[in-house]
Amino acid sequence: MKFAVQVLEAPYNNQASDTAYHFIKAALDKGHTIVRVFFYHNGVVNANNSAEPPNDDRNIYKRWTELGKEKGIDIVACIAASKRRGIKEGQIVEGTRISGLGQLADMTIEADRLITFG
Amino acid sequence: MKFAVQVLEAPYNNQASDTAYHFIKAALDKGHTIVRVFFYHNGVVNANNSAEPPNDDRNIYKRWTELGKEKGIDIVACIAASKRRGIKEGQIVEGTRISGLGQLADMTIEADRLITFG
Amino acid sequence: MMDEEMEVNENVKKVMFVMRKAPHGSIYSYEGLETVLITAAYEQDMTMVFVGDGVFALVKGQDTTDIGIKGFIKTYGALEHYDVEKIYVDRVSMEERGLTPDDFAIDVEVKEAEEIAALMEEQHATIPY
Amino acid sequence: MMDEEMEVNENVKKVMFVMRKAPHGSIYSYEGLETVLITAAYEQDMTMVFVGDGVFALVKGQDTTDIGIKGFIKTYGALEHYDVEKIYVDRVSMEERGLTPDDFAIDVEVKEAEEIAALMEEQHATIPY
Amino acid sequence: MLHMVNKSPFSNSALEEAARIASKGSPILLIEDGVYAARAGTSFAPKLADILKDHPVYVLTPDLKARAVDKLVEGVEQVDYSGFVDLVEKDKVHSWV
Amino acid sequence: MLHMVNKSPFSNSALEEAARIASKGSPILLIEDGVYAARAGTSFAPKLADILKDHPVYVLTPDLKARAVDKLVEGVEQVDYSGFVDLVEKDKVHSWV
């Protein structure tokens, strides 16, 4: 089945990014497809490549690189939301990209299920 | 009177940064002193210099530059919280700086009033 | 041509936006509205439903001048030009907040919880803001 | 020497941390605890009070392995080494959540709302997390 | 001590917790989404009337205007940002964020 | 339709709104801080028992363990991340964030 995933909160600040990751991993393990992951509101902070989380904790940013680069999932931060919060092209996590809200509309239509973590 | 101000949420995402700004302006107008402004939790996003808010809206980042550079207020983003969220030295708003949580303890002790916006 | 139109119509999906946040205190309500406007360009069958504190977003007379934040109450008035015409308000949420349809800046249809639930079940997707 | 010590003591300020957030769902509880530990180095007269969902942070047996988040329940046990010894729990918040002092990972003193209010009034500053 | 609340009482417990803990007579200031608590005619209004028996309640006028809250529960007093500063000058403040 | 709630019922109205709107028989999944709603012996537990009359209620086990919620209201079922995916596969999902 085709899933689309929306994340609305910043990593570490809220559990949304963690739950989304574990959900996506479990969905992939069961053979489902992830059409796209879309970051909105403070969720765009997930695409900030300048972070240095503590070494003794999980690295949420690297998880997105793993899913985006190694698993080939399309991971998009909303450009308008990114501009408000200072996330920009050239400073984003490997395996993610910045694009418009149309990408959210598009994945909503294409996927069998849209699931939001916030 | 000496006020210390803590901001716990990201600009635009929550009104905390706006209310803090209007409070500080009114306090300065009445002759009070602002010992320091401290950004914690998602509040550290207030110090991100890469943002480009819409032209038809207020620019929250420029407000911090106004208060930090023109009014000489000490504005600090917590380093540990900043690292988790990708705010770093060299990419911060003019008139702000990054430093440790000791700066929060310090202003709490020094000021007559600590006020938190979250 | 008729066939093509039929095909297009068959591809139209029902998408509902469930607005539950008060305006100004957080940006969810405003950024959510931006999503609605963008999605409208995709010519889907869109519904907006205001539940809980979301109903506050529609109250007329909002003047954000003194908080220095860009207001967006007028944008709701533009929704009809984007063919977003199914705009519903949860009756209980409205009444708990002491509001009547006259308090809103746009015409809305007041719905019972059961009607909203039935509409939700019909959707291809629901998006919370 | 005696005079110097007296002077230091006179400069000690009362600072209270009011913990109202549940752990793990958001970082407020954890980053709040980091503030407590850092502030302890300033040798002030510190108090922590757990109110509302904040009381959940103290529940023993938390195992965050499967959510992949670093747990911090053990850090509360270290508070006494930082001379943070005034750790209070609001009785009503605790009881509403079906908890008793035995459920907590550390020894706490259960306080009535009136006692917490009186303590708040005594503080030089109160910090919410 | 001044108790400050910035969340809607319809979706968040902050105001009820603040009012339960706050010592009798201490003022409560409603800002941001917290101002909805002061609206007359809502299901929360009777609770605010109860709170007013024990606490002076202030609301931040700019936040009221932004939300078009034009009918207030009787007894609620309005302050602007300048009056907000005066309240904080008068007494310590705790934010129930 | 599956209704997902991630906020504590003690501080946030999300679960009560979800349960009020959700059509009878539709399942509710509690995740993150939402799992506190499933704890037995709390002031919210009777409300969850009422919700269970109309809705199957699931909780995410990893979130329960993280919060040491070891006593559940009778009738609540546990799922892991794999079971969570199955629930979403079975029906559309709405998040009451």
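First the proteins, then the strands, lettered A, B, ... as listed; each starts at 1.
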[X] [atom1] to [Y] [atom2] distance, which is reported to the nearest 0.5 Å:
| X | Y | atom1 | atom2 | value |
| --- | --- | --- | --- | --- |
| D:T35 | B:F38 | OG1 | CZ | 7.0 Å |
| D:I27 | B:Y40 | CD1 | OH | 7.5 Å |
| B:D112 | D:H124 | CG | NE2 | 7.0 Å |
| B:E110 | D:K13 | CD | NZ | 8.5 Å |
| D:Y28 | B:N42 | OH | CG | 6.0 Å |

Is [X] atom [atom1] crowded by more than 12 heavy atoms from other residues, nucleotides or ligands, each under 6.0 Å away?
| X | atom1 | result |
| --- | --- | --- |
| B:K69 | NZ | no |
| D:Y82 | OH | no |
| B:K71 | NZ | no |
| B:D56 | CG | yes |

TODO: Between chain D and each of B:I109, B:T116, B:L104, count heavy-atom pairs under 4.5 Å; write down the option with the most.
DONE: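 Greatest number of close heavy-atom pairs with chain D: B:I109.
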
Over all atoms of both residues, closest heavy-atom pair of [X] and [Y]:
| X | Y | value |
| --- | --- | --- |
| D:Y129 | B:Q6 | OH-OE1, 2.9 Å |
| B:L8 | D:P128 | CD1-O, 4.0 Å |
| B:G102 | D:I38 | N-CG2, 3.6 Å |

Counting only heavy atoms closer than 4.5 Å, note whether [X] contacts chain D via side chain, backbone, both or neither.
| X | value |
| --- | --- |
| B:A111 | backbone |
| B:R84 | side chain |
| B:D106 | both |

Open item on the list: Check this for me, if you would: do B:K83 and D:E31 make a salt bridge, where the nitrogen-to-carboxylate-oxygen distance has to be below 4.0 angstrom?
Closed with: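 Between D:E31 and B:K83 there is no salt bridge, as every charged N stays at least 4.0 Å from the carboxylate O atoms.
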
Open item on the list: Quick one, B:T108 and D:T39 - any side-chain contact, counting heavy atoms below 4.5 Å?
Closed with: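 Of all side-chain heavy-atom pairs linking D:T39 with B:T108, none is under 4.5 Å.
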
Open item on the list: Less than 4.5 Å to any heavy atom of chain B: does that hold for the side chain of D:S26, its backbone, both, or neither?
Closed with: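 When you check distances to chain B, no heavy atom of D:S26 falls under 4.5 Å.
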
